[in-house]
Amino acid sequence: MLIFHKSSIFVEILLLTIFIHMKKLLLLSSAMMLFAFTAMAQKTVTGVVLDASGVPLPGASVVEQGTNNGVSTDFDGNYSIEVAEGSVLEISFIGYQTFESTIGESDSLNVSLEEDNQLEEVVITALGVKRESRSIGYSVKTVTGDNLEQKTEGDIGRVLQGQVAGVNITNSTGISGSGTNIVIRGYTSITGSNQPLFIVDGVPFDSSTNSQEAFFDGNTASSRFLDLDPNSIESINVLKGLSATTLYGQQGRNGVILVTTKSGSRKISAKGFETTVSQSYFQSTPNLPDYQTEYGGGFHQEFGFYYSNGGPNFDARISQPSQFGAFYRETLGNTVYVQHPISKINDASLVSDPDIAALANQNYAYKNYDSVKNFFRTGIVHTTSVNMKKTTESGFMNLSFGRTSDEGFTPGNKLGRTNISIGGSEKLENGITFGGTMNFAQTNYKTPPVSAGTGSGVSGSGASIFGHVMFTPKSVDLMNLPYQTSDGRSIYYRSGNDIQNPRWTVDNSKVSQFVNRVYGNVNLSYEIIDDLNVSYVYGFDVYTEQNTNGQNKGGVDGDVTGSYQTIDVVNQVYDHNVKLSYSKAINDKIGFQGIIGATGRRNVYSQNQVNSTQQLAFGVMKHFNFVNQAGSSFDSEQNIYGVFADFTFDYNNYLFLNLQGRNDQASNLEKENNSLFYPGGSIAFVATDAFPQIKSDLLSYAKFRIGYGNSAGFGSTYRTRSTLGLSSRAFLDRGGNVIPSNFVSNTLGNSELKPEKVSEFEIGLDMRLLNNKLGLNISLFDRNTQNLITSRTLPAASGYTNMTINAGKVSVQGVELDFNYRPIKTADFKWQIDGNFYADESLVEELQGSTTEFTYTSIIGGRPQNFAIVGQPLGVIKSTTIERNASGEALIDADGFYVESTEQSIVGDPNPDWVSNLSNTFSYKDFSLGFTLQYRHGGDLFSQTAATLVGRGVLNPGTNREGVYVLDGVNESDGAVNTTQITAINYGFDVFSFGPGEIQIFDGTTIRLSEVNLNYNVPKSFLEKTAIGSLNIRLTGSNLFYRAVNMPEVVNFDTNMMSTGVGNAQGIGFITGPSARRVGITVKATF
Amino acid sequence: MLTLIACETFELELVDTPNSLTSASADPDLFLSSIQISTGNFFESVTEEGMEVTRILHMFGPLYRNAYNSTQLNSPWSTAYATIFADIETMLPLTDALGWSTHSGIAKLLKSYVGLTLVDFLGDVPFSNAAQGTAELEPSLVGGAIVYEEILALIQEARNDLSVSPAPKSPSKDFFYGGDRSKWIKFANTLELKLRIQRKLVADPSDAAAINSLISAGNLITTKADDFQFKYSTTQSNPDSRHPVFADNYNAAADVADYMSNSYMAEVTGKTVVDPRALYYFYRQSDDASSGDENEMPCSSEDRPSHYAPTDVFCYIGYLNSNVSSIGYWGRDHGDNDGIPPDGGLRTSFGLYPVGGKFDDGSATSVTGRSDGLAGAGISPIFLSSYTHFMIAEWQTQQGIDARATLEAGIRLSLDKVINFASDSGNPAAAADAPDFTSDIETYVEHVCGASNAASLWATSTDKMDLIVREYFIALFGNGVEAYNTYRRTGKPANLQQTLNPIPGEYINSFYYPRNEVNNNSNVEQKATHYESVFWAVGGPTVN
């Protein structure tokens, strides 16, 4: 312990306290034993208490019947007790049937307890400590392997979607492998991360999304929990509240997702079930808008090769040749033929290839080509997973292998992943238990680029595969027009050739991430004396992430000379954790468990980047093939260490008191500000055990709990000191001289920066009703922040543009409800309902000084942004609005359009009012059928997709496109009622699509059928003569139906997409493509 | 177990970033480079708005209130304060300590120019209280008239710095004058002249005498060699050092980004004599603007707005003067906010001057891309010698002095600058197709203000101020700062093309404060409307 220089005093005090305490306890128990010994002839009985599946039960009570003599089992389920021969030993554990046995001659009694209606679970809490769920004073949700395996998504984040109340998970795009946003109990940090901590087999696991900002434009990078194979996971515990996560220190401030892999779990597999093999095949298809089929490209019913789809009717019996102007060629049947778009290309060099030039003289059929649907493909997902496990009395060994290949529905998108994992644990004769896991993951992800589509191209400097596809005019034959010239240039239907052909993008523009990752842990534990255990865990997680982003020369978006960028990231996390645990029943009424420990964590991130431009040979994506290169690098290291203590007392197994504290120190703040202590605690009270008389047929079980917890945040590295800007190549003058420059960095250092603190108060009630048929867990929480570390945008007049400050208070209050109901349970038929409900309200209470609002998302072409505004929920959306007079009437300009406000006002709150999930499972004999519904109420969103698709006329939202409209309002000039007519096409384009921002804000209420599955377990009788222990076939469909009820139905918009990627932006949607619908089959066999 | 724990895990002070230098490495020479480059950036990020509201370039509109929202000037504002001013604040103590007063003088003049421009576009702005970092995180607005006074003092300081004897170390890189201190002093004097003439409507009593003495001393930017301009090169990347407007409009073949203003093209080409500058300012990709396909030019099928005066050009030029070669000048009308038709390879684009694009040889072909013309080796014409003359001509006219000769000098300087632009930048081949314009120049000068031409516009004009400013505007292509100022100061040129929308609202007398500043600086309130005038225009002419 001497190595902990800085906090050694704290540690010593803790140690002293615990040792003094232990001495007292030891003294007490020896005295009791002495007393017992003097009473009758004694012997020592030892044994292990396991559950039916062989999992050790720690903390089980072993009592000599009718006496005060009792012990509880240790972490491995072992006990040792002095009892009189012939006495009766009573072994009990909540949730299991009590076992009684008369002590005979044997000195050993190993017991396997039968579950008692499966009421009481053992849950894994912070630092891997198993506790009976009844003893916990906060809400923990366990998701077991059954709900994680064989899913259509290979991303564990997406698999968890909807399974846990209070955990909000959104996809960034429908691209396979793209990032996933996870937020537990609402956003509390304005500019810091709100993403939870992943702990895999007891050690931290980096789950960052290394968005290369402008490079990816924020929304294609994978979230690194993608490297986990859901099929290899035994269970996941979600620790939501801070009273549950205090021991994880600052990393746990946003909640903890505790993953136990099969390689890290000791769960026993029976003979014949030791090997599991599963094979899945899924198909994914895009959820596309319902495109109209009657009209093609043009404006005001006049044909033209525009982006807009306001042209004549396809049916020549309805349209007139005059509507085609000079383009008109002939009418054959019901189809009009027009001049070929190739004949209109301005740049003659684009159409010089003979096969392209030949098209110029051909007539082009004006009809519905349905190009968008044809552009996408059916995605295919194959998943193979093999797991082998052997458990013995003293240990276990596990090997898993997983392979996923996911070809997305977007051409050019592919995700491949291989996972290999081995783990085991063994107890030596000398009492030392050693174990560890070693995991290897390789993830290979490719996609065409996706950047923010604004409905008229893309914002920023990159290309976007979806930016132009989604609103392709119906009369554009995307799949048959030429898309690439012989010299490699993009060519499309517009005469100015100002849109990059999406097929060219697929062939020539690519973003990739290739990850090799090794992670795992080594653990040792030793029982120093009875009930006192010391353990050490060393965790490591190292990955390299090779990012590339390149586009061949000849494009329209991005650098037309060709560009190639490589970014090599190395991320390392090392974690040490030492803890001393003590567990003792003080008497048969009072029990005690105590843990003290220390951790040290080191994060090292480094990236090297090379950008090249001006490609030489077309098609070769290597730096040597580019004229210009520029390199840069970024490094960051951070050490955090903490000491912690956790004491739990229980009284009569119905009242539990937990007290905890942790002190964190982090290397990235100045010395005087780099340490923070924070306490936590909780009480659990099982009322139905304290007052058994209240139990009835209605009420089977009731527990009240109350918890208070804190956590810290130290922010990211290097925010305390100002730096000097250096540009080694600021300019190249006409003489070819490189001019370097120094400049003041726009970021002002803040040497006063302190850790932020988050506190949470939580109360809850867990109940089982109706003879245990109905289970209910309800929690209310109130979370508050203090000294929030916020990246503040400074007014540029200060000379700087940003600074990291301690400012702001954000509070979130919420309610969570999980329930399960088993209305029918017969031998053959079972009906099971599981559901959850979550609602929260956030409030920005204070920002720095006199500042009352600021935005923390970037301006993209004047589109709406999220704001932190005092007195408002965090993230409210501001945008331009329709200018109104004092009586609220819209002002209309001389052309009949809304007058747009010059300033932004609040137009929406992106936080859903509440969300709920409901799943039903019906089992009949060997069949089961399950389906899950999700409902989101409210939550406003800005949808560029809806605005553009409706505004550009590729959808028909039920308006008459040949009609005229008069906007409700009064003339700005004279206040008279507006009578100026505008056309439907103008209404779509100038009002709906590109008019004041408030028009493009929609309510996000959505109902969704998120999953349907049909299971068949092949009866054992069929398998008896084979080597197969069990065989299961499952058909699954996910995201089969959804409907955002307050948006134009034809848009078919999926509100679960977050086109701003992983981060704090909410409800800001650009054109980032469709979401996926997946269906498929899985076969799983055990041997 | 303990040996596994490497010592570095417990290092608890990792606060200095390995990714940047610290202030100990600061080099004033490198700072001055950043300040100069950023001044070029600053100019380019405001000049376009200035040209748009004065119809030199096309403005989208449709209403004045919608034409520019408050995010429009975020970027120049941030460049001015967080880069230029912040760099100067950091550099001056270093150069003072070293005695490098030439560096200090140059920095103070650039700060003066930027400060004047901020006042001219926005009104009251932070100035001496700006860029102070933690000492003043949210600086207040300072009255524009006060800022002008502060700048006057700063210019004097700069002149002193630039007159130190013996000459201190020259800057390692002087983008403007190659280290020639006498030219910097001319710039200082011209800046003072500009400042004092700018506020003539709210005149300080001392200004007239000061202006007259600056003019008579003559130590101003009066020859091409004195032109205050930032030169770009042809380097495309690492970093892109081309003229930013060229980079936008000559990025790929037939994919032009901006629209020219019909009104301005008519102004340049609309005389009965040839103005050779038209072929340098504008590059016509098509010779067929008058019969534009409505698919490509939607206005060609629309009715001429009833509120347009007969003098207003509409949709395409040629409408007014069919006798000159205005064919193919394909632009847009003031405030036309239609969607973008597929005209990227057809509409008229920027030419050779000043952005370094293509000379208009009449071939009417689409731009081919990055290697066209001067390949981006253009200039930011921040203050040219011709401008000095036009400004003096304006002053003389107001004082009742005959300004004909001054006007002629301005016109000749402008023509000379533009016509010789390719050869002066060392690449005469870029204008190899240009005919000899010597006689056209004489004809032009003769037509406008020939000394003995009784039929000249000068001789027949009843509004000499309008004539002078019209010629000034023609010379100002590329400089929206002086155009916007001159328009609001003089109310000329009169009768510029109206917006397409008949009720566009009041003119943009000043721009909104940048949203970033208003949202983050509690001492800066957004102005009530965009028609608040800056201090020197109060009581001045009403423009629209």
Side-chain angles (χ1 to χ4, degrees), chain A residues 6 304-305 326 346-347 494-498 536 538 556 560 576 600 602 613 628 630 634-635 637 639 665 667-668 670-671 718 720-721 723-724 726 729-734 739-744 746 748 793-801 850-851 854 859 862 893-895 900 902 973, chain B residues 1 4-5 9 11-15 17-23 25-27 30-31 33-34 37 63 65-66 69 71 77-78 81-82 86-87 90 126 130-131 133 137-139 173 233 235 237-239 241 251-255 293 295 342 344-346 366 501-503 517 519-522:
Chain A
K6 303 296 188 291
F305 286 115
N346 298 145
D347 178 4
R494 299 244 306 174
S495 53
N497 200 44
D498 46 5
Y536 168 73
Y538 174 68
V556 174
V560 301
H576 305 273
R602 175 169 170 76
T613 54
N628 311 300
F634 175 79
D635 293 282
E637 57 176 327
N639 294 327
Q665 263 183 299
S667 65
N668 60 310
E670 298 291 338
K671 265 185 179 171
Y718 315 129
T720 63
R721 299 188 180 178
T723 60
L724 172 70
L726 171 72
R729 297 170 72 90
F731 197 81
L732 250 97
D733 70 10
R734 290 186 188 174
I739 316 295
S741 76
N742 270 161
F743 50 91
V744 175
N746 280 336
L748 186 58
T793 305
L794 290 177
S798 68
Y800 299 83
T801 58
S850 52
T851 305
F854 63 82
I859 296 182
D893 72 15
D895 290 338
E900 185 170 1
T902 46
S973 50
Chain B
M1 188 188 302
L4 281 172
I5 304 173
T9 309
E11 174 56 54
L12 265 174
E13 197 175 6
L14 299 168
V15 285
T17 171
N19 305 307
S20 312
L21 300 178
T22 61
S23 56
S25 315
D27 178 340
L30 299 193
F31 262 108
S33 292
S34 167
I37 294 166
L63 311 183
R65 65 186 310 162
N66 295 140
N69 65 31
T71 61
W77 178 278
S78 160
Y81 290 102
D87 288 351
T90 308
L137 277 181
E138 302 184 11
K173 179 70 186 176
S233 73
T235 302
S237 67
N238 196 21
S241 306
N251 188 42
D255 187 13
D293 182 337
N295 194 3
L346 298 169
S366 301
N501 189 305
I503 311 170
E517 190 71 22
N519 284 350
N520 295 297
N521 186 341
S522 52

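Small disclaimer: the values here were computed from a predicted structure and weren't measured. Chain identifiers are assigned alphabetically (A, B, ...) following the order of the sequence lines, protein sequences preceding nucleic acid strands; residue numbering begins at 1 within each chain.
For a residue to count as touching a neighbouring chain, one of its non-hydrogen atoms must lie under 4.5 Å from one of that chain's; by this rule B:I503 touches chain A with backbone and side chain alike. Heavy atoms closer than 4.5 Å to chain B are found in the side chain of A:N746, but not in its backbone. For A:T902, the parts lying near chain B are the backbone and the side chain together; criterion is any non-hydrogen pair under 4.5 Å. Both the backbone and the side chain of A:L794 come within contact range of chain B, each with at least one heavy atom under 4.5 Å from a heavy atom of that chain. Looking at A:L748, only its side chain comes within 4.5 Å of chain B, counting heavy atoms on both sides. Residue B:S241 touches chain A through both its backbone and its side chain, counting heavy-atom pairs closer than 4.5 Å. Residue contact with chain A, scored on non-hydrogen atoms closer than 4.5 Å, involves the backbone of B:T22 exclusively. Only the side chain of A:S973 comes within contact range of chain B, judged by heavy atoms closer than 4.5 Å. Only the side chain of B:L63 comes within contact range of chain A, with heavy atoms under 4.5 Å apart. Looking at A:T793, both its backbone and its side chain come within 4.5 Å of chain B, counting heavy atoms on both sides.
Listed by chain and residue number, nothing satisfies the ring-ring contact (aromatic ring centres under 6.0 Å, His included) test with A:F743 (two or more places apart in sequence, or in another chain). B:D255 meets the salt bridge (Lys or Arg N to Asp or Glu O under 4.0 Å) test with no other residue; sequence neighbours excluded.
In plain terms, the two heavy atoms of A:N742 and B:S34 that are nearest each other are O-CB, 3.1 Å.
Using a cutoff of 4.0 Å between basic side-chain nitrogens and carboxylate oxygens, A:E670 and A:R721 are scored as salt-bridged.
For B:T90 (side chain) and B:A86 (main-chain N/O), a donor-acceptor pair under 3.5 Å exists by modelled atom type.
Among A:F731, A:F854, A:F634, the residue with the largest count of heavy-atom pairs under 4.5 Å with chain B is A:F731.
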